[in-house]
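Working notes, beginning with the structure itself.
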Amino acid sequence: MYNQIKQLLSRIIPKDVLIKNEPAIRKVMYLFYKGNKHECNICEKKNRKFVLNQRGEKLCPNCGSMPRDRRLFMEFEKQKPNKEAFRLLDFSPSRSLYRKFKSEHKINYFPSDLSTNFIAEYQYDITKIPIEDNYFDFIICYHILEHVEKDADAMKELFRVVTATGKILVQTPFKDGDIYEDFSITSPEERLKHFGQDDHVRIYSVEGLKQRLVQTGFKVNTLQFEADEYLGLNKGEIILELTKA
């Protein structure tokens with residue numbers, strides 16, 4: 001029912017209007033899923049089941065968070081700076097996390113999206129961020145680097161703008177073996193075939209991405225997780241935690 005209603009609304013309501021009114025629409029839809037079997041740690045609503053989208057991901061019926069959003073928020077809560085106020089840079093944020101972070105008075109929030117496909121107030125090019133050195137206390141770089149041809153430039157910029165005590169959480173799709181990239185592959189159709197999405201330029205391996213980040217100067221800690229049925233979190237999810245070495 002959820003996916004059918006979503007498809008219907010997307011056909012009859014302009015995208016910008018739909019996004020603006022999404023919280024109110026979801027509150028109505030949530031009434032059909034209200035219960036105590038599961039919980040979303042972002043909106044803190046309990047439900048009898050998560051919604052499965054077309055890719056089989058467990059979405060929160062109230063705020064629309066995906067498993068990776070809920071895992072990210074869990075790690076953010078564990079690792080966020082213990083300061084009265086801090087600066088958070090978030091590249092192409094999910095709508096659920098955008099709204100959550102905007103509501104937190106301690107966070108000086110910098111949501112950025114170059115593509116304009118996400119809700120954001122800034123349009124930073126990650127390969128040349130127009131911000132002074134050592135500025136951000138925390139950076140979220142989720143599913144960004146696989147879109148960037150000059151990823152070495154992006155990594156250098158992340159290193160430059162994070163503070164000496166700051167942290168960065170990075171995630172991309174991963175494969176076994178070596179990094180796979182071929183810059184002669186440029187069409188959306190071929191990129192979809194080779195990299196799994198029509199705007200990706202590579203598929204990282206965990207070790208391959210770690211090596212590039214270490215070469216940039218980062219200390220890299222690999223976090224791998226077990227499933228959590230109550231929170232709808234996936235087994236085997238990997239996050240790279242970066243600090244300045």
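Since this is a predicted model, take the numbers as computed values, not measurements.
Nearest heavy atom pair, residue Ile119 against residue Pro111, reads O-CB, 4.4 Å. When all heavy atoms are compared, the tightest approach of Ser112 to Pro93 is O-CD, 3.9 Å. The two residues Asp151 and Leu145 make their nearest non-hydrogen contact at CB-O, 4.4 Å. The shortest non-hydrogen separation linking Ile131 to Arg160 is O-NH1, 2.7 Å. Phe50 and Lys58 get closest at one heavy-atom pair: CB-CB, 3.6 Å. What you find for Glu57 and Met66 is that their closest heavy atoms are OE1-SD, 3.5 Å.
Using modelled atom types, one side-chain atom of Glu157 and one backbone atom of Ile129 make a donor-acceptor pair closer than 3.5 Å. No donor-acceptor distance shorter than 3.5 angstrom exists from the side chain of Thr163 to the backbone of Asp137, with no hydrogens or angles considered. Counting only distance, with no hydrogens or angles, the side chain of Ser94 and the backbone of Asp69 share no donor-acceptor pair below 3.5 Å. Between the side chain of Lys27 and the backbone N or O of Tyr30 there is no donor-acceptor pair closer than 3.5 Å. In terms of modelled atom types and a separation under 3.5 Å, the side chain of Asn234 and the main chain of Glu237 share no donor-acceptor contact. In this structure, the side chain of Lys244 does not engage the main chain of Gly166 through any donor-acceptor pair within 3.5 Å.
Using a 4.0 Å cut-off between charged nitrogen and carboxylate oxygen, Glu39 and Arg70 do not count as a salt-bridge pair.
With rounding to the nearest 0.5 Å, the separation of CZ in Phe195 from NZ in Lys175 is 10.5 Å. From Arg68, atom CZ reaches atom CD1 of Ile238 across 14.5 Å, with rounding to the nearest 0.5 Å. The line from NZ of Lys193 to CD of Glu189 is 11.5 Å long, rounded to the nearest 0.5 Å. Atom CG of Leu233 sits about 5.0 Å away from atom CG of Asp228, to the nearest 0.5 Å. To the nearest 0.5 angstrom, Lys150 atom NZ is 14.5 Å from Ile126 atom CD1. A distance of 9.5 Å separates CG in Leu169 from CG in Leu240, rounded to the nearest 0.5 Å.
Looking at residues two or more places apart in sequence or on another chain, you find a side-chain contact (heavy atoms from CB on, under 4.5 Å) between Lys49 and Tyr33. Qualifying ring pair (Phe, Tyr, Trp, His ring centres under 6.0 Å) partners for Phe225, counting only residues two or more places apart in sequence or in other chains: none. Residues satisfying the side chain to side chain donor-acceptor pair (under 3.5 Å) test with Glu181, not counting sequence neighbours, are Arg202, Arg212. In this structure, the side-chain contact (heavy atoms from CB on, under 4.5 Å) partners of Glu149, at least two apart in sequence or on a different chain, are Phe183, Arg191, Val201. Annotation: side-chain contact (heavy atoms from CB on, under 4.5 Å) contacts of Ser92 (sequence neighbours excluded): Asp113, Phe118, Ile144. Checked against side-chain contact (heavy atoms from CB on, under 4.5 Å), Lys80 has the following partners two or more places apart in sequence or in another chain: Phe76, Glu77, Phe86.
Using cut-offs of 30° and 60° on the angle between ring planes, the pair Phe136 and Phe110 is perpendicular. Between Phe73 and Phe101, the angle of the ring planes lies from 30° to 60°, which puts this pair in the tilted group.
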Given side chain to side chain contact (heavy atoms under 4.5 Å, CB included), test Leu231 with Met74 step by step and report yes or no. CA-CA 10 Å; Leu231 294 176; Met74 179 182 290; 3.2 Å; yes
For a salt bridge (Lys or Arg N to Asp or Glu O under 4.0 Å) check, start with the C-alpha distance between Glu121 and Lys102, then their side-chain angles and the critical distance, and finish with the verdict. CA-CA 11 Å; Glu121 279 82 63; Lys102 288 286 284 187; 3.3 Å; yes
Is there a side chain to side chain contact (heavy atoms under 4.5 Å, CB included) between Asp182 and His194 once you walk through the steps? CA-CA 9 Å; Asp182 182 343; His194 286 266; over 6 Å; no
Going through the distances and angles, do Gln211 and Glu207 end up as a side chain to side chain contact (heavy atoms under 4.5 Å, CB included)? CA-CA 6 Å; Gln211 183 178 6; Glu207 289 305 315; over 6 Å; no
Report the C-alpha distance between Cys60 and Ser96 in whole Å, list the side-chain angles of each, state the deciding distance to 0.1 Å, and finish with yes or no for side chain to side chain contact (heavy atoms under 4.5 Å, CB included). CA-CA 9 Å; Cys60 170; Ser96 60; over 6 Å; no
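When hydrophobic clusters are built by joining Ile, Leu, Val, Met, Phe, Trp and Tyr residues whose side-chain heavy atoms come closer than 4.5 Å, directly or via intermediates, Phe138 is not grouped with Met155. The hydrophobic clustering, which links ILVMFWY residues whose side-chain heavy atoms are closer than 4.5 Å, places Ile168 and Phe174 together. Connection of Leu88 to Leu158 is not established within any shared hydrophobic cluster, with ILVMFWY side chains joined at heavy-atom distances below 4.5 Å, either directly or through further cluster members. Both Val214 and Val162 are members of a single hydrophobic cluster when ILVMFWY side chains are connected at heavy-atom separations under 4.5 Å. Under a hydrophobic clustering in which Ile, Leu, Val, Met, Phe, Trp and Tyr are joined whenever their side-chain heavy atoms come within less than 4.5 Å, directly or via other members, Val161 and Ile107 fall into different clusters.
The environment of CG in Asp178 is sparse: at most 12 heavy-atom neighbours from other residues, nucleotides or ligands sit within 6.0 Å. Within 6.0 Å of the CG atom in Asp133, the count of heavy atoms belonging to other residues, nucleotides or ligands exceeds 12.
Within the 4.5 Å cutoff, the side chain of Glu241 has no heavy atoms near those of the Lys219 side chain. Residues His143 and His200 fail the side-chain proximity criterion, which asks for heavy atoms closer than 4.5 Å.
Screening Tyr142, Tyr98, Tyr122, Tyr109 for a side-chain hydrogen bond (donor to acceptor under 3.5 Å, both in side chains) with Asp90, the sole residue that qualifies is Tyr109.
A cation-pi arrangement is found for Arg87 relative to Tyr135, the charged atom lying closer than 6.0 Å to the ring centre and inside a 45° cone about the ring normal.
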